[in-house]
Undergrad: 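Please read through the structure below; I'll follow up with questions.
Within every chain, numbering begins at 1; the chains are lettered A, B, ... in the order of the sequence lines, protein sequences first and strands thereafter. The figures here come from the full heavy-atom set of this structure, side chains too, leaving out hydrogens, waters and symmetry mates. Bear in mind that the values here come from a model prediction, so they are computed numbers and not experimental data.
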Number of protein chains: 2
Amino acid sequence: MRDNKTEKIILEAAEQEFLLKGFAGTRTTEIASRAGVNHAMLHYYFDTKEQLFEKVLAEKMELFRNSVVSVFEINEMPIKEMVSEAMSRHFDFLQANPSLPRFLLNEVISRQEYMARARQAVTKIAEEPLRNLQQRLDDAAECGEICRIDAIMLLMDIASLNIFAFMVEPIVSSVGIGGESFYQARKAENIRVIMQRLTPNSEPLCNEMYY
Amino acid sequence: MRDNKTEKIILEAAEQEFLLKGFAGTRTTEIASRAGVNHAMLHYYFDTKEQLFEKVLAEKMELFRNSVVSVFEINEMPIKEMVSEAMSRHFDFLQANPSLPRFLLNEVISRQEYMARARQAVTKIAEEPLRNLQQRLDDAAECGEICRIDAIMLLMDIASLNIFAFMVEPIVSSVGIGGESFYQARKAENIRVIMQRLTPNSEPLCNEMYY
DNA sequence: ATTATCTATAGATCTATAGATAATGC
DNA sequence: ATTATCTATAGATCTATAGATAATGC
């Protein structure tokens with residue numbers, strides 16, 4: 001045989017099960033049955049359920065981390081274009097991995113072991129980019145390109161708008177949410193909302209009020 | 001004895017465990033130990049784990065439903081004030097129940113039994129208010145009070161902004177998210193973003209472009 | 001004499017492995 | 001003769017209950 005076809009099939013089935021039901025809700029027998037292999041095979045290729053899960057989680061975390069980092073790397077263009085481009089890439093990534101945020105969020109929150117790890121990772125990968133972004137935002141505000149804004153608030157606005165729809169889609173798809181054309185419109189909507197948010201206010205008073 | 005003190009203690013402990021770890025991740029022994037009662041007591045007051053869970057879920061769903069309905073009931077004021085007031089109430093509700101959205105989302109998505117139920121509930125409670133809202137938005141746009149906007153997009157914007165921060169708070173609290181003063185600023189930010197979104201555009205071209 | 005609590009354990013469910021058998025590579 | 005697959009079952013974990021004992025209400 002010598003091919004790791006079975007191993008791959010099991011891993012993919014595990015991925016689907018874990019993403020849908022989480023670690024606690026997933027049964028190794030279900031993974032095996034979804035993969036169409038004997039249950040003993042699962043333990044032949046992967047020692048334990050935990051190990052199989054770690055593999056899936058690590059891969060997904062890496063995927064997620066890369067998507068964030070790559071988005072932050074955009075630079076050397078006007079701030080509004082930069083934000084717009086970053087949002088677009090972020091949205092596309094989510095569309096390709098719609099169940100990822102819910103999965104990571106849940107496993108991390110419901111399992112103490114991962115919480116500490118995740119919090120550290122967030123602090124580490126977020127702190128410097130956050131400072132840089134704030135600097136760029138301040139500079140752009142100084143030039144009158146955009147209004148003054150706190151980087152965390154901006155990022156939270158963007159993340160909220162981009163991520164949330166994908167999270168709730170399975171439940172609210174009956175009222176017209178979901179599907180290619182919806183997400184196309186949604187992407188435009190999200191970027192529009194943020195662009196408007198960044199626009200310098202005509203009445204200078206307002207700047208002071210909110211910042 | 002005749003007081004149902006123990007019963008209440010168990011129910012509250014169950015609520016905490018379920019909200020944190022979900023149905024599959026929760027152990028009845030853990031609930032009992034959190035409640036500080038003998039494990040057998042749990043089955044004395046509540047026949048099964050499933051039954052205990054149903055009680056918690058039903059209560060939380062009702063709470064959630066009421067919060068949505070009550071927000072939709074606001075009327076008889078200018079559209080922008082109405083939206084602003086609704087957002088404010090919605091935000092306050094979430095601040096009082098920060099882990100509710102994640103819990104409901106997860107249980108509903110990871111357990112098929114609940115999915116059908118939830119989808120029906122959404123369709124039923126959302127359809128009419130959605131039509132009414134669209135009507136009001138269209139009327140207000142006609143008068144030039146706001147720009148044209150699709151009701152679903154607006155609601156999705158609002159829900160995203162209001163809910164998301166509470167969902168991720170446990171993970172990102174290390175970078176300054178969370179706490180009374182943060183949420184106060186966050187609430188203002190969310191309302192501001194939506195108010196700007198509703199503002200009629202100065203260049204009439206833009207209206208056509210996005211709608 | 002009814003209601004609440006405990007101990008001890010049965011029963012159900014899920015993960016993991018031993019050991020036998022079949023398939024492939026050399 | 002090494003690698004892959006199967007059957008059958010052990011072992012671990014979790015839920016649920018039986019039955020004995022203690023506490024309260026009348």
Side-chain angles (χ1 to χ4, degrees), chain A residues 1-60 103 106-107 109-115, chain B residues 1-60 103 106-107 109-115:
Chain A
M1 311 200 164
R2 203 74 304 240
D3 58 39
N4 46 10
K5 217 178 65 189
T6 308
E7 190 176 339
K8 212 172 189 174
I9 289 173
I10 294 171
L11 192 61
E12 274 161 17
E15 205 172 294
Q16 292 175 44
E17 288 287 318
F18 284 138
L19 278 180
L20 191 63
K21 301 173 190 167
F23 179 80
T26 294
R27 300 291 93 105
T28 54
T29 50
E30 277 289 301
I31 294 174
S33 113
R34 179 189 284 261
V37 306
N38 188 287
H39 178 219
M41 280 298 90
L42 187 143
H43 292 284
Y44 177 73
Y45 286 104
F46 306 89
D47 285 7
T48 65
K49 178 188 176 184
E50 187 75 41
Q51 191 180 305
L52 189 49
F53 180 75
E54 284 280 349
K55 223 163 208 158
V56 172
L57 186 71
E59 190 218 306
K60 294 301 170 191
F103 169 71
N106 259 296
E107 295 306 318
I109 291 182
S110 66
R111 305 189 74 202
Q112 282 195 320
E113 316 96 271
Y114 296 122
M115 184 58 108
Chain B
M1 312 201 164
R2 203 74 306 237
D3 58 41
N4 46 11
K5 217 177 67 189
T6 308
E7 190 176 340
K8 213 172 188 174
I9 290 172
I10 295 172
L11 192 62
E12 273 161 18
E15 204 172 294
Q16 291 176 44
E17 288 288 317
F18 285 138
L19 278 180
L20 191 63
K21 301 172 190 167
F23 179 79
T26 294
R27 299 290 94 104
T28 54
T29 50
E30 277 289 302
I31 295 174
S33 114
R34 179 189 283 263
V37 305
N38 188 288
H39 178 219
M41 280 298 90
L42 188 142
H43 292 284
Y44 176 73
Y45 286 103
F46 305 89
D47 285 8
T48 65
K49 178 187 176 185
E50 186 75 40
Q51 191 180 304
L52 189 50
F53 179 75
E54 284 279 349
K55 223 163 208 158
V56 171
L57 186 71
E59 190 217 306
K60 294 300 170 192
F103 169 70
N106 259 296
E107 295 306 318
I109 290 180
S110 65
R111 305 189 75 201
Q112 282 193 321
E113 316 96 271
Y114 295 123
M115 184 57 109

Undergrad: Quick one: is C/dC14 close enough that its OP1 or OP2 comes under 4.0 Å of any side-chain N or O from A/Thr28?
TA: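 Checking A/Thr28 against C/dC14: no side-chain N or O falls below 4.0 Å of OP1 or OP2.
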Undergrad: Tell me: OH of B/Tyr45 to C1' of C/dT3, nearest whole Å?
TA: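 Nearest whole value for this atom pair: 8 Å.
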Undergrad: Begin with the C-alpha distance, continue with both residues' side-chain angles, and end with the deciding distance and a verdict on side chain to side chain contact (heavy atoms under 4.5 Å, CB included) for A/Lys55 and A/Glu59.
TA: CA-CA 6 Å; A/Lys55 223 163 208 158; A/Glu59 190 218 306; over 6 Å; no
Undergrad: Would you mind telling me which of D/dC6, D/dT15, C/dA16 lies closest to the side-chain atoms of A/His39?
TA: C/dA16
Undergrad: Report the distance from atom CE of A/Met41 to atom P of C/dA20, rounded to the nearest whole Å.
TA: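 Going from A/Met41 (CE) to C/dA20 (P), I get 16 Å.
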Undergrad: Establish, yes or no, whether a centroid distance under 6.0 Å links the rings of B/Phe53 and B/Phe18.
TA: yes
Undergrad: Nearest to the side chain of B/Lys49, heavy atoms from C-beta on, is which of C/dT7, D/dT15, C/dT17?
TA: D/dT15
Undergrad: Rounded off to whole Å, could you give me the CZ-to-C1' distance for the B/Arg27 and D/dA16 pair?
TA: 15 Å
Undergrad: Can you measure B/Phe46 atom CZ to D/dT15 atom P for me and round it to whole angstrom units?
TA: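 These atoms are roughly 15 Å apart.
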Undergrad: Report yes or no: does A/Lys49 contribute a side-chain atom to a donor-acceptor pair with the main-chain N or O of A/Thr26 at less than 3.5 Å?
TA: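 Yes, A/Lys49 side chain to A/Thr26 backbone: donor-acceptor pair under 3.5 Å.
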Undergrad: Rounding to a whole Å, what distance do you find between A/Phe23:CZ and C/dC14:P?
TA: 14 Å
Undergrad: Flag the pair A/Leu52 / A/Ile31 as yes when at least one side-chain heavy-atom distance between them is below 4.5 Å, and no otherwise.
TA: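 The answer is yes, as the side chains (C-beta and beyond) meet within the 4.5 Å cut-off.
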Undergrad: C/dT17 P sits how many Å from A/Gln51 CD, rounded?
TA: 11 Å
Undergrad: Measure CG/A/Leu52 against P/C/dA16 and give the value in whole Å, please.
TA: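 Result: 10 Å.
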Undergrad: Specify the separation, in whole Å, of atom CG of A/Asn38 and atom P of C/dA23.
TA: 15 Å
Undergrad: With a 4.0 Å limit, can you tell me whether B/Thr6 has a side-chain N or O closer than that to the phosphate oxygens OP1/OP2 of C/dT5?
TA: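 Yes, because at least one side-chain N or O of B/Thr6 sits under 4.0 Å from OP1 or OP2 of C/dT5.
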Undergrad: Are any side-chain N or O atoms of B/Glu107 and backbone N or O atoms of B/Phe23, one a donor and one an acceptor, separated by less than 3.5 Å?
TA: yes
Undergrad: Whom does D/dG19 pair with, Watson-Crick or G-U wobble, provided both distances fall under 3.5 Å?
TA: C/dC6
Undergrad: Of all the nucleotides listed (D/dT5, C/dA4, D/dT15), which has the minimum atom distance to the side chain of A/Tyr44?
TA: D/dT5
